[in-house]
Amino acid sequence: MGMKKLVILGGGYGGLTVAKTLLDKDLPADTVIIMIDRMPYQGLKTEYYALAAGTVADIELRVQFPVDPRLILKYGEVTGIDPERKLVEIAGDDPVSYDWLVIALGCVDKYHNIPGAQEYSSSIQTMSSSRQTFLNVNNCIPYGQVTIVGGGLSGVEMAAELRESRPDLNIRILDRGASVLSPFPEKLQRYVRDWMQEHDIELRSHICLTRLEGNILHNQQEEIQTDVTVWTAGIQPSPVVQALNLPKDNVGRLVINEYHQLPDYTDIYVVGDCAALPFSPSGQAAEAQGKQVAEVLTAVWKNEPPRLGKIKLKGVLGALGKKSGFGLMGKRTVIMGMVPRALKSGVLWMSKHHLG
Ligand SMILES: Cc1cc2nc3c(=O)[nH]c(=O)nc-3n(C[C@H](O)[C@H](O)[C@H](O)COP(=O)(O)OP(=O)(O)OC[C@H]3O[C@@H](n4cnc5c(N)ncnc54)[C@H](O)[C@@H]3O)c2cc1C
């Protein structure tokens, strides 16, 4: 009798949560989990901005995968999924077949078709690109100019952390909208703008980049000079998901049913940044969803109907260097200063010690 295979693509916040939750329970005796990732550990993506800035060491952001005879770890680059033949394609390797599949490959940068954007900017979307960004910003000449494109959570955290790492640098954030963190309440935006001003970080709003060319950023007719450019101006699901011809939401995430399955292929589950969830992508959402996928699989294996609660998220926390930060609890409750920063460190500590 052959073993049945649950294949998990991606060992990040979502995929690793599915694996760990299932390993904490009883797996059917005839079932193994195969988890495939390009890295031999989980990278704590929510802290990549600190790796790039140079304020934390690489090893601090790695979580070792569980060691368990029921878990097979496979390292490689996933290049495609064939839902009809139930196969996963891996670069330079044989395809892997599955009985159940979890897609948890996260997201990549979105460059909005701006010529030169990918070529002339540094990224913090993967651990490997964050290491490259670390070299670029830390090798930047004294008093050089670093430009961060995109004033969302990642851009703001990156700018603040870089200020802590390099007091000499000129740092600016370019934003398309009227302010950094524009989806957040005005009170929080103002707090962050004031912090940026106090820490000599230039904020420019209503920027519309049309082209990047070496050290020049074209803002329509204007030319903006830069030494290093960091891209935090948008994300989209993994290219593997982009290549799937299946129903998606308006930002390219796969549409799922109430059990986090593809409606047309209920043996395929989608978690995290690849899934069309009613909230914005976050590590928190990926973990909450990962737990539910484990519950559904357990019910499916027991031939019981799955019973899921509603996913509730705790709120958003952002860091402004190591000593300050901000948070949004619910839709309107804003917290600012040392308390949200301490909470953020606490959350990180919990996820490093598998207590999330
Ligand atoms: C700078 C920054 C700060 C953030 N801050 C926060 C925060 O404070 N709070 C919060 O909740 N969220 C935050 N996020 C968002 C959060 O990191 C993501 O939403 C979360 O990581 C999504 O989890 P996931 O499981 O979908 O993907 P990931 O955690 O990214 O996991 C994907 C995994 O798949 C692997 N992988 C990807 N493609 C392939 C491939 N083709 N082949 C093999 N392996 C592959 C990767 O190596 C990775 O291990 C932040 C993101 C960034 C970039």
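This one's a predicted model, so the numbers in the text were calculated from it and none came from an experiment. In listed order, ligands and their atoms are each counted from 1. Nothing fancy with the numbering, it's 1 onward along the sequence.
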- prompt: G76 heavy atoms, cut-off 4.0 Å: which ligand 1 atoms fall inside?
  reply: 42 (N), 43 (C)
task: Decide whether an N or O pair under 3.5 Å exists between Y13 and ligand 1.
output: yes
message: Taking side-chain contact (heavy atoms from CB on, under 4.5 Å) as the criterion, tell me which of I171, V137, N138, V146 meets it with R166.
response: N138
query: Are the aromatic rings of Y269 and W100 close, with centres under 6.0 Å apart?
result: no
- request: Give the residue and atom name of whichever protein heavy atom lies nearest to atom 11 (O) of ligand 1, and the separation in Å to one decimal.
  value: G283 N, 2.9 Å
Check: N219 side chain, E222 main-chain N or O, donor-acceptor pair, under 3.5 Å: no
field: Sub-3.5 Å N/O-N/O distance, S154 and ligand 1
entry: no
query: For atom 7 (C) of ligand 1, which of L16, I36, T46 has the closest heavy atom?
result: T46
message: Check contact between G43 and ligand 1, using heavy atoms of the residue and a distance below 4.0 angstrom.
response: no
- request: Between L317 and ligand 1, find which residue part has any heavy-atom pair under 4.0 Å and reply side chain, backbone, both or neither.
  value: backbone
- prompt: What part of E157, side chain from CB on, backbone N/CA/C/O, both or neither, has a heavy atom under 4.0 Å from ligand 1?
  reply: side chain
query: Do L73 and L22 belong together in a cluster built from hydrophobic side chains that touch within less than 4.5 Å?
result: yes
task: Can you spot which of S130, S129, S128 makes a side-chain hydrogen bond (donor to acceptor under 3.5 Å, both in side chains) with T126?
output: S129
- prompt: Roughly how far, to the nearest 0.5 Å, is CD of Q242 from CG of L105?
  reply: 11.5 Å
- request: Would you please say whether a donor-acceptor pair under 3.5 Å links the side chains of S122 and N136?
  value: yes
- prompt: Should the proximity of S282 to ligand 1, defined as any heavy atom under 4.0 Å, be assigned to the side chain, the backbone, both, or neither?
  reply: both
query: N/O of E77 under 3.5 Å from N/O of ligand 1, yes or no?
result: yes
message: So, regarding K344 and ligand 1 (criterion: nitrogen or oxygen to nitrogen or oxygen, under 3.5 Å), is there a contact or not?
response: yes
task: Any chance you could measure L27, atom CG, to R70, atom CZ, to the nearest 0.5 Å?
output: 5.0 Å
message: Strictly distance-based, threshold 3.5 Å: is any side-chain N or O of E157 a donor or acceptor partner for the main-chain N or O of A319?
response: yes
- line: When rounded to the nearest 0.5 Å, the distance separating CG of L297 from CD of Q292 is 12.0 Å
- prompt: Which ligand 1 atoms does I124 reach within 4.0 Å, using its non-hydrogen atoms?
  reply: 1 (C), 53 (C)
statement: Counting from 1 in the order shown, the ligand 1 atoms closer than 4.0 Å to a non-hydrogen atom of G14 are 25 (O)
message: Suppose we measure from atom 37 (C) of ligand 1 to each protein heavy atom; which comes out shortest, and what is that distance?
response: L105 O, 3.1 Å
query: Does the side chain of I268 reach to within under 4.5 Å of the side chain of P83, using non-hydrogen atoms?
result: yes
Heavy-atom nearest neighbour in the protein, as seen from atom 32 (C) of ligand 1, with distance rounded to 0.1 Å: A104 O, 3.4 Å
- prompt: How far is atom 18 (C) of ligand 1 from its nearest protein heavy atom, and which residue and atom is that?
  reply: D273 OD2, 3.4 Å
statement: The atoms of ligand 1 lying under 4.0 Å from a heavy atom of G272, numbered in the order shown, are 26 (O)
message: With nothing but distance in play, are any N or O atoms of Q284 less than 3.5 Å from an N or O of ligand 1?
response: yes
field: Per-atom contacts, ligand 1 versus G10 - under 4.0 Å to a heavy atom
entry: 33 (C), 34 (O)
Short N or O distance, M39 and ligand 1, threshold 3.5 Å exclusive: no
task: Write out the residue and atom name of the closest protein heavy atom to atom 41 (N) of ligand 1, then the distance separating them to 0.1 Å.
output: V78 O, 3.0 Å
For the student: nearest non-hydrogen atoms of Q225 and Q145, plus distance: O-CG, 3.8 Å
task: Report yes if some heavy atom in the side chain of Q220 is under 4.5 Å from a heavy atom in the side chain of R211; otherwise report no.
output: no
message: Return the closest protein heavy atom for atom 38 (N) of ligand 1 as residue, atom name and distance.
response: R38 NH2, 3.3 Å
- request: Do me a favour and list the nearest non-hydrogen protein atom to atom 49 (O) of ligand 1 with residue, atom name and distance?
  value: D37 OD2, 2.6 Å
field: 4.5 Å side-chain heavy-atom contact, S154 and I124
entry: yes
query: Which protein non-hydrogen atom lies closest to atom 31 (O) of ligand 1, naming both residue and atom, and how far is it?
result: G12 CA, 3.2 Å
